[in-house]
*Asks:* 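Structure in structure tokens, see below.
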Amino acid sequence: MYGNPDTTAVAETAVLAPINPYGASKLMSERMISDLAATGALRHVTLRYFNVAGADPGGRLGSPHRRRRI
């Protein structure tokens, strides 16, 4: 959702500039929920997930992806 920020510690107030369809769809969904909430029809909280730990090359943390040998 934040594109390619200049810093690694990204604040929630950083510019929203998604660079892929997943980020764009997340931003669109947040805006739709906010618009609905503005009508008074909905109370909401939006959470933005991010991978704090990263992936471990040993496969102990993160998503299990197989690496292809070249």
Side-chain angles (χ1 to χ4, degrees):
M1 294 195 39
Y2 300 107
N4 293 314
D6 294 332
T7 62
T8 55
V10 180
E12 287 186 39
T13 56
V15 175
L16 299 174
I19 58 172
N20 57 44
Y22 177 74
S25 69
K26 292 286 289 175
L27 180 56
M28 179 186 63
S29 298
E30 282 189 17
R31 287 181 175 161
M32 290 170 56
I33 291 168
S34 292
D35 287 348
L36 180 59
T39 70
L42 177 73
R43 291 177 52 179
H44 77 288
V45 172
T46 303
L47 303 176
R48 292 185 182 152
Y49 172 80
F50 62 99
N51 188 352
V52 179
D56 175 36
R60 296 173 298 236
L61 296 170
S63 300
H65 297 288
R66 292 185 182 192
R67 293 190 180 188
R68 202 175 72 164
R69 294 191 184 254
I70 298 175

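Quick caveat: nothing in here was measured; it's all calculated off a predicted structure.
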*Asks:* Nearest 0.5 Å, please: how far is CD1 in Ile33 from CG in Leu42?
*Replies:*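 It comes to 7.5 Å.
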*Asks:* Just verifying a value: how many Å separate Lys26 NZ and Thr46 OG1, rounded to the nearest 0.5 Å?
*Replies:*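 Answer rounded to 0.5 Å: 8.5 Å.
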*Asks:* Testing Glu30, Arg31, Met32 for side chain to side chain contact (heavy atoms under 4.5 Å, CB included) with Met28, which one passes?
*Replies:*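 Testing each of Glu30, Arg31, Met32 against Met28, the sole residue satisfying side chain to side chain contact (heavy atoms under 4.5 Å, CB included) is Met32.
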*Asks:* Share the residues that join Met1 in a hydrophobic cluster, the rule being Ile, Leu, Val, Met, Phe, Trp or Tyr side chains under 4.5 Å apart at the heavy-atom level.
*Replies:*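 Besides Met1, the cluster holds Tyr2, Val10, Leu16, Leu27.
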*Asks:* Quick check: closest heavy atoms across Gly23 and Pro18, and the distance to 0.1 Å?
*Replies:*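 Residues Gly23 and Pro18, closest heavy atoms: C-CB, 3.5 Å.
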